[in-house]
Amino acid sequence: MNERPNSLHASDIAHSMHPYTNMRLHEEKGPMIMTHGDGARVYDIEGKEYIEGLAGLWSVAVGFSETRLADAAYEQLKKLPYYHSFAHKAHEPSIRLAEKLAEMAPEGLNRVFFTNSGSEANDTVVKMAWFLNNGLGRPEKKKFLARTKGYHGITIASGSLTGLAGNHRDFDLPAIPVTHLTCPHHWRWAEEGESETDFTARLLKELEDTILSEGPETIAGFIGEPVMGAGGVMTPPEGYWPGVEAICRKHDILLISDEVINGFGRTGAPWGCQKYGFTPDILVTSKQLTSSYMPLAAIVVNDKVYNAIADNTAKLGTFGHGFTGSGHPVACAVGLENLKIIEEKDLMGNAARLEPLFQGGLRKLADHPLVGEVRGVGLIAGLEMGNKDTKEPIGAPGQMAQKVVALAAEEGLIVRAVYETVAFCPPLIVTEDDIAEIHARIGRALDRALDWARAEGLL
């Protein structure tokens, strides 16, 4: 290793605080420093090549070297590097992107509010629901329903909606009124002998029983990811989402589809809600909106939500919420060009076309001694490490997934350990050859992890 990598490594340890990281362990281990990307691949400071099997953080649809996005940012920086959207101000990039999102969104969703991240967006959704219900004279309608293992962000309200213990511990969360329902993952949460149909029925009964117990007049919204991402890539059981929608409609509860990971073709359909047959009142998107070349998120709402909010702003004289960077012109310009590329290159179609190859190759690993379950849809998937019969972890909780991820990196594949699951979410630009290489590299990592587990006496 030459002097420059050593210097950066030491500087990072000395000065940087990393998210989702054991900071004391980081002081010993240090960072993997990336320097550049090319398509679906990234390269570290020592020149090692990796297939980015998680698209960064579930987000880089167009790959890591799309010059059209760099050009779009540069042209906008030269023209109007910043302006806000407070108090009747506007600029063309945010207007055009809102128009484009309304065109692409599911039917009936046509009003857009921009934030900088999915976490900010879901915080804003909570405030919108409270604001509109106060305006409608329903001040008691403030509670939310979410799911165990759901992920909706890390700010105060969105972190409360998130159903992961690691995001709550010692942060004093949840800090808003939220009830977390059973995770809709049949393999893990079904009772012994319970069919998928019966599992769905039980979860829908739990939802309605909870609503009736709390009082429908107290519940503002139900939020969920069509496919759960950061909790472990869980696909819903048959009939789950249409059932949830029907119950929410029956009890006048806002249905919020968190599409931060699911959106723009990830599931093989334009939106996850379309994949699973429901229409939300509110849709939240980020990540693939700009391929994460710039921070940006959007909330898209229907007329019912918009009109209730707009009427209350008329009563109060303002909507007292927003961010300095809401609808940032450079981020919006990049988002517009990114969506243009997704459409021109038919990347949503690419995800659908490659789904059988991608999912089929991973499902061939279902018989591996370390793999408890293989699941996924489109170009998102998870391999859950564990005993196939008992569903218990192999070794300490999370240990095997972390070991497989570390060995995959040695094999030149970046994937992510999510509790017991090894998660995959490659860029939408991946090719058949890329997918074949992903399968080969994860296969070698699993075999090496098996040898290690046997040597350690874990099997």
Side-chain angles (χ1 to χ4, degrees), residues 108 122 125-152 157-165 168 173-186 188-228 231 234-258 272-273 276-284 301-302 304-305 307-309 312:
N122 283 325
V125 166
V126 170
K127 292 182 70 177
M128 283 179 167
W130 291 348
F131 185 85
L132 72 84
N133 279 315
N134 285 332
L136 292 171
R138 307 187 301 195
E140 72 285 355
K141 201 170 178 67
K142 300 293 171 60
K143 299 174 184 175
F144 279 82
L145 301 174
R147 288 94 54 81
T148 301
K149 294 288 187 178
Y151 186 84
H152 303 292
S158 64
S160 297
L161 297 174
T162 290
L164 298 168
H168 291 170
L173 297 179
I176 67 168
V178 56
T179 297
H180 291 98
L181 304 169
T182 299
C183 174
H185 176 204
H186 180 261
R188 172 63 63 187
W189 296 91
E191 295 172 352
E192 186 173 354
E194 188 175 40
S195 70
E196 188 170 314
T197 299
D198 290 341
F199 179 62
T200 296
R202 176 163 64 85
L203 266 56
L204 295 178
K205 184 178 186 301
E206 176 194 43
L207 169 60
E208 187 147 38
D209 287 350
T210 300
I211 291 169
L212 294 174
S213 174
E214 295 288 332
E217 73 282 357
T218 71
I219 299 175
F222 177 104
I223 187 169
E225 306 151 273
V227 174
M228 301 172 86
M234 276 83 80
T235 54
E238 183 71 26
Y240 173 80
W241 274 112
V244 168
E245 180 179 14
I247 292 169
C248 288
R249 299 285 174 244
K250 177 180 176 182
H251 295 291
D252 192 20
I253 292 168
L254 293 173
L255 181 56
I256 304 142
S257 188
D258 184 336
C273 59
Y276 293 104
F278 71 99
T279 302
D281 299 291
I282 300 173
L283 181 149
V284 178
V301 307
N302 62 18
K304 170 187 168 182
V305 173
N307 286 328
I309 291 172
N312 203 24

Polar contact flag, side-chain donor to acceptor under 3.5 angstrom, Glu206-Thr182:
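Thr182 and Glu206 do have a side-chain donor-acceptor pair below 3.5 Å.
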Answer yes if the side chains of Lys141 and Asn134 hold a donor-acceptor pair under 3.5 Å, and no otherwise.
no
Assess whether salt bridge (charged side-chain N to carboxylate O under 4.0 Å, His left out) is satisfied between Asp258 and Arg147, documenting all intermediate values.
CA-CA 12 Å; Asp258 184 336; Arg147 288 94 54 81; over 6 Å; no
Considering all heavy atoms of both residues, which atom of [X] and which atom of [Y] are nearest to each other, and what is their separation?
| X | Y | result |
| --- | --- | --- |
| Phe278 | Gly272 | CE2-O, 4.5 Å |
| Pro236 | Val227 | CD-CG2, 4.4 Å |
| Cys183 | Phe199 | O-CZ, 3.6 Å |

Should the ring pair His180 and His168 be called parallel, tilted or perpendicular, given that the plane angle runs from 0 to 90° and is split at 30 and 60?
tilted
Measure the [atom1]-[atom2] distance between [X] and [Y] for me, rounded to the nearest 0.5 Å.
| X | Y | atom1 | atom2 | answer |
| --- | --- | --- | --- | --- |
| Leu203 | His185 | CG | NE2 | 12.0 Å |
| Ile256 | Asn122 | CD1 | CG | 8.0 Å |
| Cys273 | Leu283 | SG | CG | 5.5 Å |
| Leu204 | Ile247 | CG | CD1 | 4.5 Å |
| Leu145 | Ile211 | CG | CD1 | 5.5 Å |
| Tyr151 | Leu164 | OH | CG | 8.0 Å |

[X] (side chain) donor-acceptor with [Y] (main chain) under 3.5 angstrom:
| X | Y | result |
| --- | --- | --- |
| Thr218 | Glu214 | yes |
| Asp281 | Leu255 | yes |
| His152 | Ala157 | no |
| Glu196 | Glu238 | yes |
| Thr148 | Gly163 | no |
| Trp241 | Tyr276 | no |
| Asn133 | Ala220 | no |

Counting C-beta onward and ignoring hydrogens, is there a side-chain heavy-atom pair between Phe222 and Leu254 closer than 4.5 Å?
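Result no, sub-4.5 Å side-chain heavy-atom pair not found.
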Are the side chains of Glu191 and Arg202 in touch, meaning some heavy atoms are under 4.5 Å apart?
yes
More than 12 non-hydrogen atoms from neighbouring residues, nucleotides or ligands closer than 6.0 Å to NZ on Lys304, yes or no?
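More than 12 heavy atoms, drawn from other residues, nucleotides or ligands, come within 6.0 Å of this atom.
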May I ask you to check whether over 12 heavy atoms, not counting those of Glu217, lie within 6.0 Å of atom CD?
yes
Hey, which of Ile253, Thr200, Leu181, Leu207 is the one that makes side chain to side chain contact (heavy atoms under 4.5 Å, CB included) with Val244?
Leu207
Between Asp252 and Arg138, does any side-chain N to carboxylate O distance fall below 4.0 Å?
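Yes, charged N to carboxylate O under 4.0 Å.
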Salt bridge between Arg249 and Glu245, side-chain N to carboxylate O under 4.0 Å?
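Yes.
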Steps toward side chain to side chain contact (heavy atoms under 4.5 Å, CB included) verdict (Met234, Arg188)
CA-CA 10 Å; Met234 276 83 80; Arg188 172 63 63 187; over 6 Å; no
Begin with the C-alpha distance, continue with both residues' side-chain angles, and end with the deciding distance and a verdict on side chain to side chain contact (heavy atoms under 4.5 Å, CB included) for Ser160 and Phe144.
CA-CA 10 Å; Ser160 297; Phe144 279 82; over 6 Å; no
Quick one: do Ile219 and Thr179 satisfy side chain to side chain contact (heavy atoms under 4.5 Å, CB included)? Show the steps, please.
CA-CA 10 Å; Ile219 299 175; Thr179 297; over 6 Å; no
Show your reasoning for whether side chain to side chain contact (heavy atoms under 4.5 Å, CB included) applies to Ile176 and Leu161.
CA-CA 8 Å; Ile176 67 168; Leu161 297 174; 4.1 Å; yes
